[in-house]
Enquirer: 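Below: one structure in structure tokens.
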Amino acid sequence: MTMGLGPNEHLIGAEGSRARLATPALVLDLDRFEHNLGTMAAHFAGRPESIRPHAKTHKCAEIARRQMAAGAVGICVAKLGEAAAMIRGGVSRILITSPIVTADKLERVLALNDVAEELILVVDNSETIDLLASLAAERAKPMQVVIDLGVGRNRTGIPTIPGAVALAEQIKARPSLTLRGLQCYAGHLQHIEDCAAREEEALETMKRIGDARDAIEAVAGSLDIVTGGGTGTYDIDPEAGVFTDLQVGSFVFMDVQYNAVMRRDGTPGPFETSLFVQSTVICANIAEAVTTDAGFKAFATDGPMPEIADGAPEGSSYDFMGDEHGRIVLPEGANGPPIGTVVTCVTPHCDPNVNLHDLYHCVRGDRLVDIWRIDARGQTW
């Protein structure tokens, strides 16, 4: 049975339908989204680097296909379930950026590798390499891998360059594996708000990645891929001439966190906020605040509060009032929006916010023009 597109499907194409959405609704402004996609593509046009956007941000095959059409060399995913969802959606050049270590999951990786145009897996320890090589030996198609180098918080990755070299030698000795390159994602740099501080730390990190690349190439030959970076350092990392591609993700949406990350010109940069949560005022019985229908279940709560983009007096702030409800706290003396008012908020942290919703409600101006599925929503495995 084909699933429908939710309670707003009947509004597609109707004039003024954006304001009529059943809420809470995750809203994607297509004009702004397309501006962001084109801006990032233009930034890398004519450069030696490419982009390999991270689909953990959007979890949507339609968006991934549009990123590929705009020139991406492939997409990244964080989880095996995301990779499976993208392949089902017709996207088949994928890098899985988090280690997968159990035999059952590695068998699933190899099954996807059999059908994908290009599937690449990160590795960061010798035990996984041995297990993966043994399982892959039973398949006709070698498994492509990149070595994950740990930096910053060392969330994953081999922490030393000599350790990375040893892994490269181990991989090269296993015919069922193909070493493609090196990954180094410096996530701890992406949200440093001060540009000068972010730039200094990013270029220090790039020096280490370059040293690792050179050391690996000395024993394993030329690497096709050196990948990492993100939206916070997209305009800094290429200066080092180390990466072959950048794992930019949040640029397509932006959010409260990334809008605070300043560029060299003192602005948040060229990308526009395209992703919002739309809610409705459902109670206005007190003078100092009104209640909406969007609480913890509608917004990511791992970062700052949502910021109100439209629908409330200037100076208003958003607060949570439980699972289902939010509160708009009004500035002193302001008249609150009446019940039924549409209130639109910028998402605090776009990646986990997307994972709370099933659908993107795609709008142009005041009109709902399409609804896209969040194909990998909930694929935490």
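Residue numbers run from 1 in the order of the sequence given. Predicted model only: the values in this text are computed from it and were never measured.
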Enquirer: Under 6.0 Å from the CD1 atom of Ile286, do we count more than 12 heavy atoms belonging to anything else shown?
Expert: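 Enclosed: over 12 neighbouring heavy atoms sit under 6.0 Å from CD1 of Ile286.
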Enquirer: Is it true that Asp224 and Arg180 have a side-chain N and a carboxylate O under 4.0 angstrom from each other?
Expert: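 Arg180 and Asp224: salt-bridged.
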Enquirer: Taking it one step at a time, do Ile75 and Arg93 satisfy side chain to side chain contact (heavy atoms under 4.5 Å, CB included)?
Expert: CA-CA 6 Å; Ile75 65 163; Arg93 296 179 62 85; over 6 Å; no
Enquirer: Pick from Asp148, Thr227, Thr156: which one makes a side-chain hydrogen bond (donor to acceptor under 3.5 Å, both in side chains) with Gln183?
Expert: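 Exactly one pass, corresponding to Asp148.
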Enquirer: Ignoring hydrogens and angles, tell me if any N or O in the side chain of Gln170 forms a donor-acceptor pair with the backbone of Ser126 under 3.5 Å.
Expert: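 Yes, the answer is positive, given that a donor and an acceptor are paired below the 3.5 Å cut-off.
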Enquirer: Look only at the side chain of Arg52 and the backbone of Gly74, and say whether a donor-acceptor pair between them is shorter than 3.5 Å.
Expert: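 Such a contact is absent between Arg52 side chain and Gly74 backbone.
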Enquirer: Heavy-atom distance under 4.5 Å between the side chains of Asn355 and Gln379, does that happen here?
Expert: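 Answer no - side chains too far apart.
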Enquirer: Do Asp255 and Thr347 pass the side chain to side chain donor-acceptor pair (under 3.5 Å) test, and can you show the C-alpha distance, the side-chain angles, and the key distance before you say yes or no?
Expert: CA-CA 5 Å; Asp255 55 26; Thr347 61; 5.1 Å; no
Enquirer: Does one hydrophobic cluster hold both Met305 and Leu26, with members joined at side-chain heavy-atom distances below 4.5 Å?
Expert: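 In one cluster with Met305: Leu26, yes.
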Enquirer: With a 4.5 Å cut-off on side-chain heavy atoms, are Trp372 and Asp370 touching?
Expert: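 Side chain of Asp370 against side chain of Trp372, heavy atoms only: contact under 4.5 Å found.
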Enquirer: Describe, in one word, how the ring planes of His191 and His349 are oriented to each other, choosing from parallel (under 30°), tilted (30 to 60°) and perpendicular (over 60°).
Expert: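 Taking His349 first and then His191, their aromatic rings stand perpendicular (interplane angle over 60°).
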Enquirer: Contact between Arg32 and Phe276 at the side-chain level, heavy atoms closer than 4.5 Å - yes or no?
Expert: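 Side chain of Arg32 against side chain of Phe276, heavy atoms only: contact under 4.5 Å found.
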Enquirer: Hey, mind stepping through Phe299 and Tyr318 against ring-ring contact (aromatic ring centres under 6.0 Å, His included) and telling me if it holds?
Expert: CA-CA 11 Å; Phe299 288 103; Tyr318 207 89; 5.3 Å; yes
Enquirer: Look only at the side chain of Thr160 and the backbone of Gly163, and say whether a donor-acceptor pair between them is shorter than 3.5 Å.
Expert: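 Yes, the answer is positive, given that a donor and an acceptor are paired below the 3.5 Å cut-off.
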Enquirer: Can Arg327 and Asp319 be said to form a salt bridge (Lys or Arg N to Asp or Glu O under 4.0 Å), step by step?
Expert: CA-CA 5 Å; Arg327 169 163 285 182; Asp319 199 1; over 6 Å; no
Enquirer: Only one of Thr244, Leu149, Val226 passes side chain to side chain contact (heavy atoms under 4.5 Å, CB included) with Arg213; say which it is.
Expert: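 Checked Thr244, Leu149, Val226 against Arg213; only one passes side chain to side chain contact (heavy atoms under 4.5 Å, CB included): Val226.
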Enquirer: Side chains of Asn36 and Thr39: is there a donor and an acceptor less than 3.5 Å apart?
Expert: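 Short answer, no.
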Enquirer: Between the main-chain N or O of Asn113 and the side-chain N or O of Lys141, is there a donor-acceptor pair closer than 3.5 Å?
Expert: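 At least one qualifying donor-acceptor pair exists.
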Enquirer: Run Arg208 and Glu204 through salt bridge (Lys or Arg N to Asp or Glu O under 4.0 Å) and show every step you take.
Expert: CA-CA 7 Å; Arg208 183 164 183 264; Glu204 286 180 6; over 6 Å; no
Enquirer: Do Tyr258 and Val256 share a hydrophobic cluster, counting only Ile, Leu, Val, Met, Phe, Trp and Tyr and linking them when any side-chain heavy atoms are less than 4.5 Å apart?
Expert: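 Looking at the clustering, Val256 is in a separate group from Tyr258.
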Enquirer: Under a 4.0 Å N-O cut-off, is there an ion pair linking Arg264 with Glu199?
Expert: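 Result for this pair is yes, salt bridge flagged.
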Enquirer: Any sub-3.5 Å donor-acceptor pair from Ser316's side-chain atoms to Ala312's backbone N or O?
Expert: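 No, Ser316 side chain to Ala312 backbone: no donor-acceptor pair under 3.5 Å.
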Enquirer: So which residues get pulled into Val73's cluster when ILVMFWY side chains under 4.5 Å apart are joined, directly or through others?
Expert: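 Other cluster members: none.
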Enquirer: In the hydrophobic clustering (ILVMFWY, side-chain contacts below 4.5 Å, transitive), which residues join Met321, or is it alone?
Expert: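 Members alongside Met321: none; it stands by itself.
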Enquirer: Hey, is CD on Glu117 packed in by over 12 heavy atoms from elsewhere, all under 6.0 Å?
Expert: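 It does: Glu117 CD has more than 12 such atoms within range.
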Enquirer: With the 4.5 Å side-chain cut-off for hydrophobic clustering, are Met254 and Leu189 part of the same group?
Expert: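 No, because Met254 and Leu189 fall into different hydrophobic clusters, even though each may have its own neighbours under 4.5 Å.
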Enquirer: Any salt bridge between Arg139 and Glu107, counting N to O under 4.0 Å?
Expert: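 So Arg139 pairs with Glu107 through a salt bridge.
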Enquirer: Is the closest basic N to carboxylate O distance between Asp211 and Lys207 below 4.0 Å?
Expert: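 Yes, Asp211 and Lys207 are salt-bridged.
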Enquirer: Taking atom types as modelled and ignoring hydrogens, do the side chains of Gln190 and Thr233 form a donor-acceptor contact shorter than 3.5 angstrom?
Expert: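 Indeed, the side chains of Gln190 and Thr233 share at least one donor-acceptor pair under 3.5 Å.
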Enquirer: Please assess His35 against Glu272 for the test side chain to side chain contact (heavy atoms under 4.5 Å, CB included), listing each intermediate value before the final yes or no.
Expert: CA-CA 8 Å; His35 164 84; Glu272 300 177 354; 3.7 Å; yes
Enquirer: Tell me, do Asp351 and Ser250 make a side-chain contact under 4.5 Å, heavy atoms counted?
Expert: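 The answer is yes, as the side chains (C-beta and beyond) meet within the 4.5 Å cut-off.
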Enquirer: Please determine, by modelled atom types, if Thr102 and Asp104 share a side-chain donor-acceptor pair under 3.5 angstrom.
Expert: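 No, because no side-chain N or O of Thr102 sits under 3.5 Å from a partner of the opposite role on Asp104.
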Enquirer: Just so I know, are the side chains of Ile100 and Trp381 near enough to count as touching, which here means a heavy-atom distance under 4.5 Å?
Expert: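 Not touching, per the 4.5 Å side-chain cut-off.
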Enquirer: Would you call Glu169-Arg174 a salt bridge at under 4.0 Å N-O?
Expert: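 Salt bridge absent between Glu169 and Arg174.
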Enquirer: With the threshold set at 4.0 Å, does a side-chain nitrogen-carboxylate oxygen contact exist between Arg66 and Glu34?
Expert: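 Salt bridge between Arg66 and Glu34, a charged N being under 4.0 Å from a carboxylate O: yes.
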Enquirer: Going only through I, L, V, M, F, W and Y residues with side-chain contacts under 4.5 Å, is there a path from Val343 to Ile339?
Expert: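 Yes: a chain of side-chain contacts under 4.5 Å links Val343 to Ile339.
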Enquirer: For Gln278 and His361, does a side-chain donor sit closer than 3.5 Å to a side-chain acceptor?
Expert: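 No donor-acceptor contact under 3.5 Å links the two side chains.
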Enquirer: Please check: side-chain N/O of Ser50 versus main-chain N/O of Ala72, any donor-acceptor pairing under 3.5 Å?
Expert: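 No: the side chain of Ser50 does not pair with the backbone of Ala72.
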Enquirer: With a sphere of 6.0 Å drawn around CZ of Arg47, does it hold more than 12 non-hydrogen atoms of other residues, nucleotides or ligands?
Expert: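 Correct, the count exceeds 12.
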Enquirer: What verdict does the side chain to side chain contact (heavy atoms under 4.5 Å, CB included) test give for Ile12 and Ile371, after you've listed the backbone C-alpha separation in whole Å, the side-chain angles of each residue and the deciding distance to 0.1 Å?
Expert: CA-CA 8 Å; Ile12 293 175; Ile371 297 176; 4.0 Å; yes
Enquirer: So, the side chain of Thr301 versus the backbone of Phe296: is there a donor-acceptor pair under 3.5 Å, distance only?
Expert: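 No; judged by distance alone, with no hydrogens or angles, the pair does not exist.
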Enquirer: Salt-bridged, Asp366 to Arg18, with N to O below 4.0 Å?
Expert: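 No salt bridge links Asp366 with Arg18.
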Enquirer: Answer yes or no: is there a donor N or O on one side and an acceptor on the other, between the side chain of Asn353 and the main chain of Ala298, under 3.5 Å?
Expert: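 Yes, because the side chain of Asn353 sits within donor-acceptor range (under 3.5 Å) of the backbone of Ala298.
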Enquirer: Determine yes or no for a side-chain-to-main-chain donor-acceptor pair under 3.5 angstrom, with Thr341 supplying the side chain and Pro338 the backbone.
Expert: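 Checking the backbone N and O of Pro338 against the side chain of Thr341, a donor-acceptor pair under 3.5 Å is found.
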Enquirer: Taking Ile96 as the starting point, is it possible to reach Ile147 by hopping between hydrophobic residues whose side chains are less than 4.5 Å apart?
Expert: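 Same cluster: Ile147 reaches Ile96 through Ile, Leu, Val, Met, Phe, Trp or Tyr contacts under 4.5 Å.
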Enquirer: Does Leu179 form a side chain to side chain contact (heavy atoms under 4.5 Å, CB included) with Leu223? I'd like the steps, not just the answer.
Expert: CA-CA 8 Å; Leu179 177 61; Leu223 300 179; 4.2 Å; yes
Enquirer: Going from CD on Glu62 to SG on Cys362, what distance comes out if it is rounded to the nearest 0.5 angstrom?
Expert: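 SG of Cys362 is found 8.0 Å from CD of Glu62.
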Enquirer: Salt bridge check: are Arg88 and Asp375 linked by an N-O gap of less than 4.0 Å?
Expert: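 No, no charged N to carboxylate O under 4.0 Å.
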Enquirer: Answer whether the closest heavy-atom distance between the side chains of Val123 and Leu167 falls below 4.5 Å.
Expert: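 The answer is no; the side chains never approach within 4.5 Å.
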Enquirer: Any side-chain heavy-atom pair from Asn285 and Val290 closer than 4.5 angstrom?
Expert: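 Side chain of Asn285 against side chain of Val290, heavy atoms only: no contact under 4.5 Å found.
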Enquirer: Do Leu95 and Val77 have side-chain heavy atoms sitting under 4.5 Å apart?
Expert: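 Side-chain contact under 4.5 Å: no.
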Enquirer: Can a side-chain donor-acceptor contact be found between His325 and Thr292 if the only test is distance below 3.5 angstrom?
Expert: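 No, because no side-chain N or O of Thr292 sits under 3.5 Å from a partner of the opposite role on His325.
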Enquirer: Please answer whether the main-chain N or O of Cys60 pairs with a side-chain N or O of His58 as donor and acceptor at a distance below 3.5 Å.
Expert: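 A pair under 3.5 Å: yes.
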Enquirer: Indicate yes or no: does Glu82 engage Lys56 in a salt bridge with an N to O separation below 4.0 Å.
Expert: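 Salt bridge absent between Glu82 and Lys56.
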Enquirer: Determine, step by step, whether Phe33 and Tyr360 satisfy the ring-ring contact (aromatic ring centres under 6.0 Å, His included) criterion, reporting the C-alpha distance in whole Å, the side-chain angles of both residues, the deciding distance to 0.1 Å, and the verdict.
Expert: CA-CA 12 Å; Phe33 164 79; Tyr360 292 108; 8.5 Å; no
